[in-house]
Amino acid sequence: MMTKDELYMSRCLHLARIGEYYVAPNPMVGAVLVRKRSGKDEVVAEGWHQMYGGPHAEVNCINMAEAKGIDTYDDCTLYVSLEPCSHYGKTPPCAKLLIDKHIPRVVVGMTDPNPLVSGKGVSMLREAGIEVKVGVLEKECRELNKRFMSLQEKHRPYIILKWAQTEDGFIDTNRTEKEAGQQLVISNTTTKQLVHQMRAENMSIMVGTRTALLDNPRLQTTRWSGRNPIRIVTDRHHILPRTLRIFSDDSPTIVYDTDTEWKHILNDLHNRNIHSVLVEGGRQWLETIIGTGLWDEIHIEVAPISIGNGVKAPAVQLNTKETLMVGKNRLYTICKSE
């Protein structure tokens, strides 16, 4: 059974996820303001980080409270899933706001790994005499922002590899450039929608040269709400014509045509503050990444069809975190153990 603090933190996590498709590269954060009256708790305001560059969860929560006419916080506890910021960025520090409002108690899901904050927000609150409790549902808070955590702690984006394959282990037929566009259909209508959801969840999407040439993908989010990811493609031999849809003006594209070594790409993406990459490349590029060990999740869709010959799927051990059935297709998720 959840404790009272865990219950309200759970609500913070639910609120935080509302901003999932719009706050990157910032973390998702939720906040709940609880007031004690006559020995009973009452949720008086809620807030979440809604959009990158916009007010943080704590600010939105306080704004809601004040819109309701609340002007004193002496009997309140503020719950927030991530440590309140302590520095001036695109917005003023949230820790200072909580101090100025004289909120007596703050419960924090986890400290912020960003070195600009990392414990400084909690210290500011405590030095101001505020009671601070840290680490409520910390595991869940870290999982919610695993992409942000990777950028801050591993100094690289969170990497998700994805492909669809036949029952007999092929991801495509043996196509030539003359057969470009004649892609083997493996996914069904619902799983295609789930792929677009994954695109919306990640800041960028990547393919290799062969996939860009043969499939001519647009790599946008059209079957799910949310922003289009930044497109990434390798072109070491400078053979990709700029007429391909991946170079359309409606979404940005990053091209790696000089140094296509995976570690270099990850370092460059970290410097660009891109916190996640969904890789939908072909076999060669996927196996190259798997071989480096620099990845976090693999998502595999298996359709109950056989073609007997073609491009083999990357060989991986299906020690899965979960297996789902979507229509007749099976979805596997492999999470790398650190």
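Nothing fancy with the numbering, it's 1 onward along the sequence.
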Item to check | From CD1 (Ile300) to CG (Leu161), nearest 0.5 Å | outcome: 9.0 Å
Checklist entry - Is there a chain of hydrophobic side chains (I, L, V, M, F, W, Y, each step under 4.5 Å between heavy atoms) that links Val80 to Val43? => result no
Item to check | The single option from Ile186, Asp172, Val302, Ile171 passing side chain to side chain contact (heavy atoms under 4.5 Å, CB included) against Thr166 | outcome: Ile186
Checklist entry - What is the distance from atom CD of Gln165 to atom NZ of Lys312, rounded to the nearest 0.5 Å? => result 8.0 Å
Next on the checklist: Could you tell me if the side chain of Pro55 sits less than 4.5 Å from the side chain of Glu58, heavy atoms only?
Outcome noted: no
Next on the checklist: Is the shortest side-chain heavy-atom distance between Val136 and Val108 below 4.5 Å?
Outcome noted: no
Checklist entry - So with a 6.0 Å cut-off around CE of Met51, is the heavy-atom count from everything else above 12? => result no
Checklist outcome for this item: Heavy-atom closest pair (Leu194 atom, Val326 atom, distance to 0.1 Å) is CD1-CG2, 4.2 Å
Checklist entry - Just by modelled atom types, is the Arg236 backbone N or O under 3.5 Å from a matching donor or acceptor in the Thr258 side chain? => result no
Checklist entry - Same hydrophobic cluster for Tyr73 and Met64, using side-chain heavy-atom links shorter than 4.5 Å among ILVMFWY? => result no
Next on the checklist: Within the 4.5 Å heavy-atom criterion, are Leu324 and Arg330 side-chain neighbours or not?
Outcome noted: no
Next on the checklist: Can a donor-acceptor pair be found, under 3.5 Å and without considering hydrogens, that links the side chain of His196 to the backbone of Arg223?
Outcome noted: yes
Next on the checklist: Treating Asn145 as the side-chain partner and Pro27 as the backbone partner, does any N or O pair qualify as donor plus acceptor under 3.5 Å?
Outcome noted: no
Item to check | Steps toward side-chain contact (heavy atoms from CB on, under 4.5 Å) verdict (Val195, Thr191) | outcome: CA-CA 6 Å; Val195 169; Thr191 59; 5.6 Å; no
Checklist entry - For Gly208, does its backbone N or O pair with a side-chain atom of Thr211 as donor and acceptor, under 3.5 Å? => result no
Checklist entry - So, Lys101 and Glu66, do they make that salt bridge, N to O below 4.0 Å? => result yes
Next on the checklist: Do Phe148 and Val117 land in one hydrophobic cluster if side-chain heavy atoms of ILVMFWY residues count as linked below 4.5 Å?
Outcome noted: no
Next on the checklist: Using side-chain heavy atoms (C-beta onward) and a distance below 4.5 Å, is Ile232 in contact with Ile205?
Outcome noted: no
Checklist entry - When you look at Leu82 and Met110, which way does the side-chain contact (heavy atoms from CB on, under 4.5 Å) test go after all the steps? => result CA-CA 5 Å; Leu82 186 70; Met110 60 169 287; 3.7 Å; yes
Checklist entry - Will you find, in the side chains of Gln197 and Gln193, an N or O donor that is under 3.5 Å from an N or O acceptor? => result no
Item to check | Of Gln50, Met28, His56, the residue whose pairing with Val23 passes side chain to side chain contact (heavy atoms under 4.5 Å, CB included) | outcome: Met28
Checklist outcome for this item: Residues pairing under salt bridge (charged side-chain N to carboxylate O under 4.0 Å, His left out) where one sits in residues 117-133, two or more places apart or in two chains, turn out to be Asp5-Lys133, Arg105-Glu131
Checklist entry - Hey, does the side chain of Asn60 reach the backbone of Trp48 with a donor-acceptor pair shorter than 3.5 angstrom? => result yes
Next on the checklist: Minimum heavy-atom separation for Ala95 and Pro84, please, with both atom names.
Outcome noted: N-CB, 3.9 Å
Checklist outcome for this item: All heavy atoms of Leu78 vs all of Ala31, minimum pair found to be CD1-CB, 4.5 Å
Please list every donor-acceptor pair under 3.5 Å in which a side-chain atom of residues 7-19 meets a protein atom from a residue at least two apart or in another chain.
| residue | atom | partner | partner atom | Å |
| --- | --- | --- | --- | --- |
| Arg11 | NE | Glu46 | OE2 | 2.8 |
| Arg11 | NH2 | Glu46 | OE1 | 2.9 |
| Arg17 | NH1 | Glu20 | OE2 | 3.4 |

Checklist entry - Between Ala24 and Arg227, which heavy-atom pair has the shortest distance, and what is it? => result O-NH2, 3.0 Å
Checklist entry - Would Arg245 and Asp215 satisfy salt bridge (charged side-chain N to carboxylate O under 4.0 Å, His left out), going step by step from the backbone distance to the final call? => result CA-CA 10 Å; Arg245 296 193 296 179; Asp215 295 346; over 6 Å; no
Next on the checklist: I'd like to check the side chain to side chain donor-acceptor pair (under 3.5 Å) partners of Thr111; sequence neighbours left out, ordered by chain and number.
Outcome noted: none
Next on the checklist: Could you check whether any side-chain N or O of Glu42 sits under 3.5 Å from a backbone N or O of Val44, counting only pairs where one atom can act as donor and the other as acceptor?
Outcome noted: no
Checklist entry - Does any pair with a residue in residues 270-294 pass salt bridge (charged side-chain N to carboxylate O under 4.0 Å, His left out), and if so which ones, sequence neighbours excluded? => result Arg199-Glu280, Asp268-Arg272, Arg283-Glu287
Checklist entry - Asn114 side chain to Gln152 main-chain N or O, any donor-acceptor pair under 3.5 Å? => result no
Checklist entry - Would you call Lys146 and Glu153 a salt bridge, taking side-chain N to carboxylate O under 4.0 Å as the test? => result no
Checklist entry - side-chain contact (heavy atoms from CB on, under 4.5 Å) between Lys162 and Ile298: does it pass, once the steps are laid out? => result CA-CA 6 Å; Lys162 179 268 171 190; Ile298 297 177; over 6 Å; no
Next on the checklist: Quick check: is Met2 connected to Val134 through a chain of hydrophobic side chains (ILVMFWY, heavy atoms under 4.5 Å apart)?
Outcome noted: no
Item to check | Under the side chain to side chain donor-acceptor pair (under 3.5 Å) test, residues paired with Asn329 that sit two or more places apart | outcome: Glu301
Item to check | Trace of the side-chain contact (heavy atoms from CB on, under 4.5 Å) decision for Trp285 with Val279 | outcome: CA-CA 9 Å; Trp285 187 232; Val279 182; 3.9 Å; yes
Checklist entry - Counting only N and O atoms by type, is there a donor-acceptor contact under 3.5 Å from the side chain of Ser81 to the main-chain atoms of Gly30? => result yes
Checklist entry - Does the side chain of His49 pick up a donor-acceptor pair with the side chain of Asn26 at under 3.5 Å? => result yes
Checklist outcome for this item: Distance col, row Asn273:CG vs His275:NE2, nearest 0.5 angstrom, shows 8.5 Å
Next on the checklist: Would you say that His237 contacts Thr209 through its side chain, given a criterion of any heavy-atom pair below 4.5 Å between the two side chains?
Outcome noted: no
Item to check | Arg147 and Asn202, any side-chain heavy atoms less than 4.5 Å apart | outcome: yes
Checklist entry - Taking Arg231 for the side chain and Ile246 for the main chain, is one N or O donor matched with an acceptor at less than 3.5 Å? => result yes
Checklist outcome for this item: Residues joined to Tyr22 in its hydrophobic cluster, side chain to side chain under 4.5 Å directly or through other members, sorted by chain and number, are Tyr21, Trp224
Item to check | Donor-acceptor contact present, side-chain Glu83 to main-chain Gly121, <3.5 Å | outcome: yes
Checklist entry - Does Val106 reach the side chain of Tyr79, with side-chain heavy atoms less than 4.5 Å apart? => result no
Checklist outcome for this item: The reported gap from CE in Met206 to CD1 in Ile160 (rounded to nearest 0.5 angstrom) is 14.5 Å
Next on the checklist: Using the rule that Ile, Leu, Val, Met, Phe, Trp and Tyr join whenever any side-chain heavy atoms are under 4.5 Å apart, tell me whether Val311 and Leu286 fall into a single cluster.
Outcome noted: yes
Checklist entry - If you round to the nearest 0.5 Å, how far is NZ of Lys96 from OG of Ser86? => result 13.0 Å
Checklist entry - Are any of the side-chain nitrogens in Asp75 or Arg37 under 4.0 Å away from the carboxylate oxygens of its partner? => result yes
Checklist entry - Taking everything shown except Lys36 itself, do over 12 heavy atoms lie less than 6.0 Å from its NZ? => result yes
Next on the checklist: Return the CD to OH distance between Glu261 and Tyr256, rounded to the nearest 0.5 Å.
Outcome noted: 12.0 Å
Next on the checklist: Between the side chains of Asp41 and Arg35, is the shortest nitrogen-to-carboxylate-oxygen separation below 4.0 Å, so that they form an ion pair?
Outcome noted: no
Item to check | pair Met124-Ile99: side-chain heavy atoms closer than 4.5 Å | outcome: yes
